[in-house]
Undergrad: 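Can you read through this structure? Questions will come right after.
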Amino acid sequence: MERTLENVHVVIYSKKMLKEAIKRLNNLGQVMEIDIINSFDIHGCDLLVFHDSFFKMLELLPSHPNHEVTLNELCEMIISLEDHQYKLGDIVFSELKHNPGAGFTIQNLMRKDMVDFHNSRICKDLYNTRKIDNETAERLRKEFLCGKQ
């Protein structure tokens, strides 16, 4: 199974390590639960996970398969995600993350504001996006139009 932010966790062994994790995640522009330190201190949560579009501390792992990674590996995963940036002229397929059956869009990124949005954290939190080629975009357009008739 491929490791993604959604299926990995980091075991936090001390408050010093948690503060280091917070510092690194802040530097990488990641969103964290507001009371992340209290979750560690008061509630005994020692697992750092990415869930519901932000990092939080949990006491028990979710039921789905989960891989333990180091803090360095987690940061490398985040950086590699940032390397995947859209640019002018890309054709992007998008669908809602939390309701993929609700529909999709195909956009040719022709303006800088469109590129900026597709590279933004908001877009990544709300949509599953991927770059597609002209042939795939045309095939999807034809399938959609034929299905409407």
Side-chain angles (χ1 to χ4, degrees), residues 1-137 139-140 144:
M1 172 184 264
E2 182 183 351
R3 293 180 182 196
T4 65
L5 289 182
E6 288 81 14
N7 70 6
V8 299
H9 68 274
V10 176
V11 178
I12 301 295
Y13 296 102
S14 66
K15 193 168 185 176
K16 181 178 179 181
M17 183 179 178
L18 177 59
K19 287 182 178 182
E20 178 65 22
I22 291 169
K23 182 177 90 177
R24 290 189 192 187
L25 292 173
N26 278 331
N27 288 342
L28 292 170
Q30 300 301 303
V31 179
M32 289 167 275
E33 71 178 329
I34 295 170
D35 58 349
I36 195 165
I37 292 179
N38 286 339
S39 293
F40 180 78
D41 281 344
I42 297 169
H43 303 292
C45 301
D46 62 350
L47 302 173
L48 179 66
V49 299
F50 185 76
H51 184 69
D52 291 335
S53 302
F54 62 94
F55 284 94
K56 61 168 72 173
M57 298 296 292
L58 294 179
E59 190 172 355
L60 299 172
L61 285 174
S63 58
H64 58 79
N66 211 289
H67 305 281
E68 183 176 336
V69 295
T70 65
L71 182 57
N72 285 340
E73 289 171 325
L74 178 67
C75 291
E76 287 171 9
M77 288 174 70
I78 294 167
I79 291 168
S80 71
L81 289 174
E82 292 174 353
D83 290 342
H84 171 69
Q85 297 284 315
Y86 295 111
K87 59 188 181 307
L88 286 172
D90 284 349
I91 300 173
V92 179
F93 174 90
S94 305
E95 62 183 350
L96 286 170
K97 255 188 189 174
H98 302 292
N99 194 0
F104 63 90
T105 63
I106 297 174
Q107 293 180 310
N108 187 344
L109 304 183
M110 298 173 64
R111 297 187 326 258
K112 185 181 180 324
D113 63 323
M114 295 170 80
V115 173
D116 291 344
F117 174 74
H118 279 82
N119 288 329
S120 73
R121 185 80 215 162
I122 293 170
C123 181
K124 289 178 174 133
D125 288 346
L126 296 176
Y127 300 97
N128 289 321
T129 63
R130 66 178 179 269
K131 184 178 173 180
I132 59 175
D133 57 24
N134 283 326
E135 295 81 30
T136 304
R139 181 182 52 78
L140 288 169
F144 179 74

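Treat the numbers as computed from the prediction; the structure is a model and nothing was measured.
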Undergrad: Let me see the working for Lys56 and Cys45 under side-chain contact (heavy atoms from CB on, under 4.5 Å), right down to the final yes or no.
TA: CA-CA 9 Å; Lys56 61 168 72 173; Cys45 301; over 6 Å; no
Undergrad: Mark yes or no for whether Asn128, through its side chain, and Glu95, through its backbone, hold a donor-acceptor pair below 3.5 Å.
TA: no
Undergrad: Work out which heavy atom in Phe40 is nearest to a heavy atom in Ile12; give both atom names and the distance.
TA: CE1-O, 3.6 Å
Undergrad: Are the charged groups of Glu20 and Arg24 less than 4.0 angstrom apart, N to O?
TA: yes
Undergrad: Are Ile42 and Ile37 packed together at the side-chain level, in the sense that at least one heavy-atom pair is separated by less than 4.5 angstrom?
TA: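 They are not in contact (no side-chain heavy atoms under 4.5 Å apart), so the answer is no.
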Undergrad: Would you kindly say whether Tyr127 and Thr105 are connected by a side-chain donor-acceptor distance under 3.5 Å?
TA: no
Undergrad: To the closest 0.5 Å, what do you measure between CD (Glu59) and CG (Asp46)?
TA: 8.0 Å
Undergrad: Roughly how far apart are Gln30 CD and Cys75 SG, rounded to 0.5 Å?
TA: 9.0 Å
Undergrad: State, to 0.1 Å, how close Arg111 and Leu88 come at their nearest heavy-atom pair, and which atoms those are.
TA: C-CD2, 3.5 Å
Undergrad: Please identify which of these residues, Asp133, Leu109, Asn134, meets the side-chain contact (heavy atoms from CB on, under 4.5 Å) condition with Ile91.
TA: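 Result for side-chain contact (heavy atoms from CB on, under 4.5 Å) with Ile91: Asn134.
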Undergrad: Please report the closest heavy-atom contact between Met32 and Phe54, naming both atoms and the distance.
TA: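 The answer is C-CD1, 4.1 Å.
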Undergrad: Rounded to the nearest 0.5 Å, what separation is found between the CE atom of Met77 and the CG atom of Asn72?
TA: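 Rounded to the nearest 0.5 Å, the CE-CG separation comes out at 13.0 Å.
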Undergrad: Should Asp90 and Val115 be marked as a side-chain contact (heavy atoms from CB on, under 4.5 Å) after you check the CA-CA gap, both sets of side-chain angles, and the distance that decides it?
TA: CA-CA 9 Å; Asp90 284 349; Val115 173; over 6 Å; no
Undergrad: Do the side chains of His9 and Glu68 get nearer than 4.5 Å, heavy atoms only?
TA: yes
Undergrad: Would you compute the distance between atom CG of Leu71 and atom OH of Tyr13 and round it to the nearest 0.5 angstrom?
TA: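 Between atom CG of Leu71 and atom OH of Tyr13 there are 11.5 Å.
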Undergrad: Would you give the length of the straight line joining atom OG1 of Thr136 to atom CD1 of Ile106, rounded to the nearest 0.5 angstrom?
TA: 8.5 Å
Undergrad: Do you know the tightest heavy-atom contact between Glu73 and Thr70?
TA: OE1-N, 2.8 Å
Undergrad: Sub-3.5 Å donor-acceptor pair from the side chain of Asn26 to the main-chain atoms of Lys23, do we have one?
TA: no
Undergrad: Test side-chain contact (heavy atoms from CB on, under 4.5 Å) on Val10 and Phe55 and set out the steps.
TA: CA-CA 11 Å; Val10 176; Phe55 284 94; over 6 Å; no
Undergrad: For atom NZ of Lys97, is the number of surrounding heavy atoms from other residues, nucleotides or ligands below 6.0 Å larger than 12?
TA: yes
Undergrad: Return the CG to NE2 distance between Asn38 and His43, rounded to the nearest 0.5 Å.
TA: 6.5 Å
Undergrad: For the backbone of Met57 and the side chain of Glu33, can you confirm whether one donor and one acceptor N or O come within less than 3.5 Å of each other?
TA: yes
Undergrad: Tell me the closest heavy-atom pair linking Cys123 and Phe117, and the distance in Å.
TA: CB-O, 3.0 Å
Undergrad: Would you check if Lys131 and Lys87 make a side-chain contact, meaning some heavy-atom pair closer than 4.5 Å?
TA: yes
Undergrad: I would like to know whether Val11 and Leu47 meet side-chain contact (heavy atoms from CB on, under 4.5 Å); could you show each step before the answer?
TA: CA-CA 5 Å; Val11 178; Leu47 302 173; 3.7 Å; yes
Undergrad: Which heavy atom of Ile36 sits nearest to which heavy atom of Ile22, and what is that distance?
TA: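 What the structure gives for the nearest pair is CG2-CD1, 3.6 Å.
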Undergrad: Please determine whether the number of non-hydrogen atoms from other residues, nucleotides or ligands lying under 6.0 Å from atom CD1 of Ile34 exceeds 12.
TA: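 No.
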